[in-house]
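Below is one structure, written out as structure tokens, with a few remarks after it.
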Amino acid sequence: IKISNLEKIYRTEDVETVALNKLSFEVKDGEFVAVMGPSGCGKSTLLNILGLLDDPDSGSFLFNGIEVAGFNERKRADLRKRNIGFVFQSFNLIDELTVFENVELPLIYTGVKAAERKKIVEDVLDKMVIMHRRNHYPQQLSGGQQQRVAVARAVVNNPKLILADEPTGNLDSSNGNEVMQLLTDLNEQGTTIVMVTHSEHDARYSHRIIRMLDGQTVMQDLMV
Ligand code: ADP
Ligand code: ADP
């Protein structure tokens, strides 16, 4: 990821809010970066742009060497579903689908055949130690289990990049640490991770903290 002078301004009838104010930074292939900063500093706006859910007003965003700023929704969606996995604070699983079906969904979107889907999903559920719950519905699982399913869904397409938004925000510390360990394992296997967090504890799992204030980076700390 290489973003330069990224700007995002929200305009309502009478107010203009500068959410990203010429934000620039780089994340190298295979890095694990935490983004921290007070509420309203632009973290969600940034994640939406990095996740190709939204487009900046100006500036450059190189993803895998491709300039994606200015891409239309169709092109962004195409790149997103093949390259990016999302993990959210509130899990965002589909309650009407089983664990297996939730994790299978991204593979259906990318056109993987049923027999191959079964094999891939079972493999991922196994790795996330949630195979024994494959036929349960999200509401029948504990929070820690739901987040393990969400991580499974995020990685099932073997994405280059995982974007995590407060992934432990709804978990107790033991389940939270378990999810952070899963993210660490994925990173060690080569997946790049950008994680927004309020938790200094969770940030210590990363290689580097990017600190934001008012839509800009104010500091970068290297973890030792
Ligand atoms: P954070 O995730 O760090 O809390 P956000 O990216 O959500 O920050 O918000 C950055 C700024 O942009 C805030 O001032 C927020 O109020 C504003 N903002 C976010 N989304 C919108 C929107 N859809 N319309 C107007 N203002 C918004
Ligand atoms: P874990 O430590 O594996 O995350 P918990 O300690 O939170 O699980 O939960 C204890 C056990 O109770 C788990 O096996 C969990 O699946 C089960 N459980 C929790 N809530 C429900 C529920 N609503 N319906 C069925 N089983 C549940």
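Just so you know, ligand 1 is whichever comes first in the structure, and atom 1 is the first atom listed for that ligand. Note that this is a predicted model, so its numbers are computed, not measured.
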query: Taking both backbone and side-chain atoms of Thr45, is any N or O found less than 3.5 Å from an N or O belonging to ligand 1?
result: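 So ligand 1 has an N or O lying under 3.5 Å from an N or O of Thr45.
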- prompt: Judging by distance only, is a nitrogen or oxygen of Ser44 under 3.5 angstrom from one on ligand 1?
  reply: yes
- request: Assess whether side-chain contact (heavy atoms from CB on, under 4.5 Å) is satisfied between Tyr10 and Val18, documenting all intermediate values.
  value: CA-CA 6 Å; Tyr10 294 107; Val18 179; over 6 Å; no
Just jot down the ligand 1 atoms closer than 4.0 angstrom to any heavy atom of [X], in number order.
X     : answer
Ala19 : 10 (C), 11 (C), 12 (O)
Tyr10 : 12 (O), 17 (C), 18 (N), 19 (C), 20 (N), 21 (C), 22 (C), 23 (N), 24 (N), 25 (C), 26 (N), 27 (C)
Pro38 : 3 (O)
Ser39 : 4 (O)

field: The single option from Lys2, Lys160, Arg208 passing salt bridge (charged side-chain N to carboxylate O under 4.0 Å, His left out) against Glu31
entry: Arg208
message: I need the single residue from Arg74, Lys75, Arg82 that forms a salt bridge (charged side-chain N to carboxylate O under 4.0 Å, His left out) with Asp78. Which is it?
response: Arg82
message: I'd like to know if Gly215 contacts ligand 1, where contact means a heavy-atom distance under 4.0 Å to any ligand atom.
response: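 The answer is no: ligand 1 sits nowhere under 4.0 Å from a heavy atom of Gly215.
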- prompt: Can Gly40 be said to touch ligand 1, with heavy atoms closer than 4.0 Å?
  reply: yes
task: Verify the contact flag for atom 8 (O) of ligand 1, where contact means a protein heavy atom under 4.0 Å away.
output: yes
query: Is there a protein heavy atom less than 4.0 Å away from atom 15 (C) of ligand 1?
result: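 So atom 15 (C) of ligand 1 lacks protein heavy-atom neighbours under 4.0 Å.
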query: With under 30° as parallel and over 60° as perpendicular, where do the rings of Phe86 and Phe88 fit, or are they tilted in between?
result: parallel
query: Below 4.5 Å, heavy atoms only, C-beta onward: do Met131 and Val99 meet side chain to side chain?
result: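 They are not in side-chain contact.
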task: Compare all side-chain heavy atoms of Ile130 with those of Gln145 and state whether any distance is below 4.5 angstrom.
output: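 Counting from C-beta outward, Ile130 and Gln145 do come under 4.5 Å.
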message: Please check if the number of heavy atoms outside Asp126 that lie under 6.0 Å from its CG is greater than 12.
response: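 Atom CG in Asp126 is crowded, with more than 12 foreign heavy atoms closer than 6.0 Å.
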